[in-house]
Chemist: 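Pasting a structure below so you can have a look.
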Amino acid sequence: MAPADPQSVTPELRAWIIEQARAGCRPQDVLAAMLASGWQEPVAVAALEATLETHLREAQAAAQEEGAIASELPKLEVEGGQSEFELMGRRLSVAAALRQPRVVVLEGLLSRDECEQMIDAARSRLARSETVVNATGSSEVNAARTSEGMFFQRGESELCRSIEQRIAALLDWPVERGEGLQVLRYGVGAEYKPHYDYFDPGHPGTPVILRRGGQRVATLIMYLNTPQRGGATVFPDVGLEVAPIQGHAVFFSYDRPHPGTRTLHGGAPVLEGEKWIATKWLRQGRFD
Ligand code: PD2
Ligand code: ZN
């Protein structure tokens, strides 16, 4: 890797840096390797920054062109950075927000009555949760997901329609570009191991899944009850834990199906009581 003149940024050096990035090496590890082979730190940092920035811009433009990166995303921007706002007659507040990845924790999205009605409507339809088998696009029971769940059809009841319309207004994203609401119930010890919600482009089953609505681009998890202990939604890449509290919600978006979005997230084990959530996944296109 070390060129003849170790301090000049040659095309070979640029190619090597890009190769490391493509192989998933973290920039700090690439920098450490450069320093170990004799690069002066300011030169190495400048070369790394310039190369990665250009590479990222070019890769992003190409990916957007072929639809691999979403050019628009559901947003949750509160006008003027207010912490409280009005949505279809409800008073909501932003409890916490992150820019990168975009994560927003909201209070007051659902009323207690709506949460209870969702649980009542879902209870008799629960089955052991399945996850998508990426290789085939079908679903199967998975040890990483020890909850029970069910899907409502989009618009299947007055309650679903009302929540869907609220979410559409909140995120400025049409109802037709969302999946039906999913309800999950976790008992004591049940958890959902960290995962990404997008469909892995590397798996053979993904093209079939994507035919209906394209990629997932954002997730809204709504807490239908408050477990006595445990059950936080965790984001390990950014050290964030969201406490499950009835009526609250956590939103996060991802513009591409890649770990670089840092949207790895999971449901920590429930330690006492039970946990109920409703999840809304937003798609790139119409999900009919
Ligand atoms: O229950 C949760 O906190 C949780 C965690 C991770 C839910 C989901 N993912 C999901 O519904 O995708
Ligand atoms: Zn998830």
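Residue numbers run from 1 in the order of the sequence given.
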Chemist: What's the shortest heavy-atom distance between Leu52 and Ala21, and which atoms?
Modeler: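 Nearest pair, atom of Leu52 first, then Ala21: CD2-CB, 3.8 Å.
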
Chemist: For the residue pair Pro259 and Leu264, establish whether any side-chain heavy-atom pair is separated by less than 4.5 Å.
Modeler: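 In short, these two side chains do not touch, never coming nearer than 4.5 Å.
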
Chemist: As an exercise, state the distance from OG of Ser111 to CD1 of Ile163, rounded to the nearest 0.5 Å.
Modeler: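 So the gap between those two atoms works out to 8.0 Å.
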
Chemist: Taking the side chain as everything from C-beta on, heavy atoms only, tell me whether Thr233 gets closer than 4.5 Å to Tyr192.
Modeler: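 No, side chains not in contact.
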
Chemist: Rounded at 0.5 Å granularity, tell me how far CG in Asp255 sits from CD1 in Ile69.
Modeler: 5.5 Å

Chemist: I'd like to know whether CD of Gln28 has more than 12 heavy-atom contacts from other residues, nucleotides or ligands below 6.0 angstrom.
Modeler: yes

Chemist: Where the side chain of Gln215 meets the backbone of Phe199, is there a donor-acceptor pair that is under 3.5 Å apart?
Modeler: yes

Chemist: Check for me, please, whether Val238 and Tyr254 land in the same ILVMFWY cluster - side-chain distances under 4.5 Å, paths through other members count.
Modeler: yes

Chemist: Atom OG1 of Thr51 and atom CD of Gln20: how far apart are they, to the nearest 0.5 Å?
Modeler: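 Thr51 OG1 to Gln20 CD: 12.0 Å, rounded to 0.5 Å.
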
Chemist: So do the side chains of Trp281 and Phe287 get within less than 4.5 Å of each other, counting heavy atoms only?
Modeler: no

Chemist: The test is side chain to side chain contact (heavy atoms under 4.5 Å, CB included); show your working for Trp16 and Thr10 and say whether it passes.
Modeler: CA-CA 10 Å; Trp16 178 81; Thr10 59; over 6 Å; no

Chemist: List the atom of Ala190, the atom of Thr146, and the distance in Å for their closest heavy-atom pair.
Modeler: CA-OG1, 3.2 Å

Chemist: Is the shortest side-chain heavy-atom distance between Met34 and Leu13 below 4.5 Å?
Modeler: yes

Chemist: Is there a donor-acceptor pair under 3.5 Å between the side chain of Arg283 and the backbone N or O of Gly214?
Modeler: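 Yes: the side chain of Arg283 pairs with the backbone of Gly214.
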
Chemist: Establish whether Met118 and Tyr223 are linked, either directly or via other cluster members, by ILVMFWY side-chain heavy-atom contacts under 4.5 Å.
Modeler: no

Chemist: Are Glu156 and Phe151 side-chain neighbours, meaning at least one heavy-atom pair lies under 4.5 Å?
Modeler: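 In short, these two side chains do not touch, never coming nearer than 4.5 Å.
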
Chemist: Has Arg90 got a side-chain atom pairing as donor or acceptor with Leu109's backbone, closer than 3.5 angstrom?
Modeler: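 Yes; at least one donor-acceptor contact below 3.5 Å.
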
Chemist: What distance do Ser162 atom OG and Ile167 atom CD1 have between them, rounded to the nearest 0.5 Å?
Modeler: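 One finds 9.5 Å between OG of Ser162 and CD1 of Ile167.
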
Chemist: Flag yes if more than 12 heavy atoms outside Gln153 fall under 6.0 Å of its CD atom; otherwise flag no.
Modeler: no

Chemist: Under 6.0 Å from the CG atom of Asp172, do we count more than 12 heavy atoms belonging to anything else shown?
Modeler: no

Chemist: Should Leu220 and Trp173 be regarded as members of a common hydrophobic cluster, given that ILVMFWY residues are connected when their side-chain heavy atoms come within less than 4.5 Å of each other, either directly or indirectly?
Modeler: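 Shared cluster, yes.
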
Chemist: Any side-chain heavy atom of Tyr186 within less than 4.5 Å of one from Pro227?
Modeler: no

Chemist: Please output the side-chain donor-acceptor pairs of residues 94-108 that fall under 3.5 Å, not counting sequence neighbours, one pair per line with the distance.
Modeler:
residue : atom : partner : partner atom : Å
Arg99   : NH1  : Glu77   : OE2          : 3.4
Arg99   : NH2  : Glu77   : OE1          : 3.4
Arg102  : NH1  : Leu98   : O            : 3.2
Arg102  : NH2  : Leu76   : O            : 2.7
Glu107  : OE1  : Ser93   : OG           : 3.2

Chemist: Are Leu282 and Phe152 connected into the same hydrophobic cluster when the rule is that any two of I, L, V, M, F, W, Y join if their side-chain heavy atoms are below 4.5 Å apart?
Modeler: yes

Chemist: Gly273 and Val270: which non-hydrogen atoms are nearest, and at how many Å?
Modeler: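 Closest approach of Gly273 to Val270, heavy atoms only: O-CG1, 3.3 Å.
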
Chemist: Give a yes or no answer on whether the side chain of Ser37 reaches the backbone of Ala33 with a donor-acceptor pair at less than 3.5 Å.
Modeler: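 Yes, because the side chain of Ser37 sits within donor-acceptor range (under 3.5 Å) of the backbone of Ala33.
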
Chemist: Would you say the side-chain atoms of Gln182 pair up with the backbone N or O of Met150, donor to acceptor, closer than 3.5 Å?
Modeler: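 A pair under 3.5 Å: no.
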
Chemist: Minimum heavy-atom separation for Met88 and Ala169, please, with both atom names.
Modeler: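 For Met88 versus Ala169, the nearest heavy atoms are SD-CB, 3.9 Å.
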
Chemist: Would Arg154 and Glu164 count as a salt bridge (Lys or Arg N to Asp or Glu O under 4.0 Å) here? Give the steps.
Modeler: CA-CA 8 Å; Arg154 208 177 54 215; Glu164 284 160 4; 5.3 Å; no

Chemist: With rounding to the nearest 0.5 angstrom, report the CG to NE2 distance, Asp200 to His258.
Modeler: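 If we round to the nearest 0.5 Å, Asp200:CG and His258:NE2 are 10.0 Å apart.
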
Chemist: Report yes if some heavy atom in the side chain of Arg256 is under 4.5 Å from a heavy atom in the side chain of Tyr198; otherwise report no.
Modeler: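 Not in contact.
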
Chemist: Mark yes when over 12 heavy atoms from residues, nucleotides or ligands other than Arg125 sit less than 6.0 Å from its CZ; otherwise mark no.
Modeler: yes

Chemist: Considering all heavy atoms of both residues, which atom of Leu110 and which atom of Glu114 are nearest to each other, and what is their separation?
Modeler: CA-OE1, 3.4 Å

Chemist: Judged by atom type as modelled, is there a donor-acceptor pair below 3.5 Å linking the side chain of His265 to the main-chain atoms of Pro194?
Modeler: no

Chemist: Would you find a donor on one side and an acceptor on the other, under 3.5 Å apart, between the side chain of Lys275 and the backbone of Gly231?
Modeler: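 Yes, because the side chain of Lys275 sits within donor-acceptor range (under 3.5 Å) of the backbone of Gly231.
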
Chemist: Hey, any chance Trp276 and Leu181 share a hydrophobic cluster, counting ILVMFWY side chains that come within less than 4.5 Å of each other, even indirectly?
Modeler: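 Yes, one cluster joins them.
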
Chemist: Could you tell me whether a side-chain N or O of Thr226 sits under 3.5 Å from a main-chain N or O of Gln246, the two making a donor and an acceptor?
Modeler: yes

Chemist: What is the minimum heavy-atom distance between Val183 and Ala122, and which atoms define it?
Modeler: CG1-CB, 3.7 Å

Chemist: Are Arg91 and Glu86 ion-paired here, with the side-chain N under 4.0 Å from a carboxylate O?
Modeler: yes

Chemist: Here's a test for you: under salt bridge (charged side-chain N to carboxylate O under 4.0 Å, His left out), which of Arg212, Lys280, Arg216 qualifies with Glu179?
Modeler: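 With Glu179 as partner, Arg212, Lys280, Arg216 yield a single salt bridge (charged side-chain N to carboxylate O under 4.0 Å, His left out), made by Arg216.
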
Chemist: With heavy-atom distances below 4.5 Å as the criterion, would you say the side chains of Asp197 and Phe252 are in contact?
Modeler: yes

Chemist: Measuring from Arg112:CZ to Asn225:CG, what's the distance to the nearest 0.5 Å?
Modeler: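 Atom-to-atom, Arg112:CZ and Asn225:CG are 11.5 Å apart.
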
Chemist: So does Gly155 get a backbone contact from the side chain of Arg161, meaning a donor-acceptor N/O pair under 3.5 Å?
Modeler: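 Yes; judged by distance alone, with no hydrogens or angles, the pair exists.
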
